[in-house]
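Just below is one structure, and these are the notes that go with it.
Naming convention: chains lettered A, B, ... in sequence-line order (proteins, then strands); numbering from 1 in each chain. Any value given below was found using the heavy atoms of this structure, including those in side chains, with hydrogens, waters and symmetry copies removed.
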Amino acid sequence: MEIPSGENLTVGMLYELMWDKLCLESVNGSTGHDRKVLSPDISRPGMALTGYLHKFLHERIQIFGETEISYLQSLSEREREEALRNIFRFPVYCCIVTKGLAPPGQLVELCTSKSAALFRSRRDTTPLIHDLCGFLETVFAPSTNLYGTLVEVYGAGLLCTGKSAIGKSEAVLGLIERGHHLIADDRVHVKKIGNSLVGSGDPGMAHRMEIRGLGLVDVSAFYGIRAVKSRQQIHLEVNLKEWSRENQEFDRTGLFQKVSTILDIPIPKIVIPVLPGRNLTLLLEVAVMNYLLLQNGRNVPEEVERELIGRILAKESGTGNPRHRHTGGGIEDRKH
Amino acid sequence: MKTESTKVVNKLGIHARPAAQIVKTASKFDSDIELTVDGITVNAKSIMGVMTLAACRGTEVRVTARGKDEDEAVDALIKLLESGFGED
């Protein structure tokens, strides 16, 4: 099942996607499964059960852990009924009882009569909350759709963008041929998860891509499961741009790092001029290797710049053989 | 063919950043453009070539262009060299 976006997530979808991981068991059948999950956060209703209903977070999934259940058990039947009725004055839509505890009879009745889903899980409360919140965070994460192709190259997520017909898909097909992995072609769904961007494709398109002149091809049918991936963090963007004499914005040294901002997260952007006869696949692969090298602390353009400035200054002052002179310094004095 | 000479004026000479400005400017023109420093001639559209000059302040640089826009090309490059690339 495709992971829905936050505004579409129903309790039923949550159950279908997470019952396995969260060990959920439905207590009242499919009651409340059509109701929407309204928040990526959860609520522990302990305080509300004691009668403090100010700021009761009813739009959240309610987690009944050992605290809540043992408190309810400590009450008389009438008090228990009242405590639960209090919180069900609000539009509670989903309750989960954890640690394999038995939900009190009144909770089952109220959930059913108020069309709220009730689940139980044998898992401990805190780890269940962690997994549930992790899932909800993903679902409710800000997202966008980008026009481009996402491919994993040596572990890095490469978003290849550029005008239609510039050769993105062909270049990426070349990457797959060389053992890299396709995530999505043409339309990439991007989610902001924490401080990273995670891209995935349209499940309906399932790793098919269009190659101009050939039409639609199925990458996983050609190369098998090893060639495809369902999601990938995006590390850098390579923008393919038509080369023209007038437009000389391309970085000739690599000293001028461009940035692309997606969902408020900046990632390095490299603009590659496209000319007939250029091997785009190779260029994309090298762009990623260069990125990985940079991540590893090797900034080759800056190294060249430092050495060159050292040589120039040595020449100017006329000291020794410039090639063997220590080449540190120089660039540190400059403002970038 | 058009030729003109000038001197490098900025403190750090033609290091990588100025070299990038030179090749970008040169690449806008159709003409073949060369830079000559201390008897060494390189293609002004080649970053590697321009960097190997390692021209320091005070060095004379000769700009030579051949082609239909040679006048504009030489003017633009001389202006760029004399501007000191926006550096000290």
Where M51(B) and L308(A) come nearest, the two heavy atoms and their spacing:
O-CD1, 3.3 Å
For D88(B), which atoms come within 4.5 Å of any heavy atom of chain A: side chain, backbone, both, or neither?
neither
In this structure, are over 12 heavy atoms from other groups packed under 6.0 Å from D32(B) atom CG?
no
More than 12 non-hydrogen atoms from neighbouring residues, nucleotides or ligands closer than 6.0 Å to CE on M289(A), yes or no?
yes
Return yes when atom CD of E242(A) has more than 12 non-hydrogen atoms of other residues, nucleotides or ligands closer than 6.0 Å, and no otherwise.
no
Looking at I22(B), is its backbone amide N or carbonyl O close enough to the side chain of R252(A) to form a donor-acceptor pair, meaning the two atoms are under 3.5 Å apart?
no
Is the number of heavy atoms from other residues, nucleotides or ligands under 6.0 Å of I225(A) CD1 greater than 12?
no
When rounded to the nearest 0.5 angstrom, what is the spacing between CZ in R311(A) and CG in L53(B)?
10.0 Å
Mark yes when over 12 heavy atoms from residues, nucleotides or ligands other than R62(B) sit less than 6.0 Å from its CZ; otherwise mark no.
no
Mind checking the CG-CD1 spacing from D251(A) to I47(B)? Nearest 0.5 Å is all I need.
9.0 Å
Exceeds 12 heavy-atom contacts within 6.0 angstrom, atom NZ of K163(A)
no
If you count heavy-atom pairs under 4.5 Å with chain A, which of G13(B), A20(B), A55(B), A19(B) comes out on top?
A55(B)
Give, as side chain, backbone, both or neither, the part of F256(A) having an atom under 4.5 angstrom from any heavy atom of chain B.
side chain
Bottom line for T52(B): the part with an atom under 4.5 Å from chain A's heavy atoms is backbone
The reported gap from CG in L255(A) to CZ in R17(B) (rounded to nearest 0.5 angstrom) is 4.5 Å
One pair to check against side-chain contact (heavy atoms from CB on, under 4.5 Å): L12(B) and L313(A). What are the steps and the verdict?
CA-CA 7 Å; L12(B) 295 176; L313(A) 293 177; 3.9 Å; yes
Between E305(A) (side chain) and A16(B) (backbone), is there a donor-acceptor pair under 3.5 Å?
yes
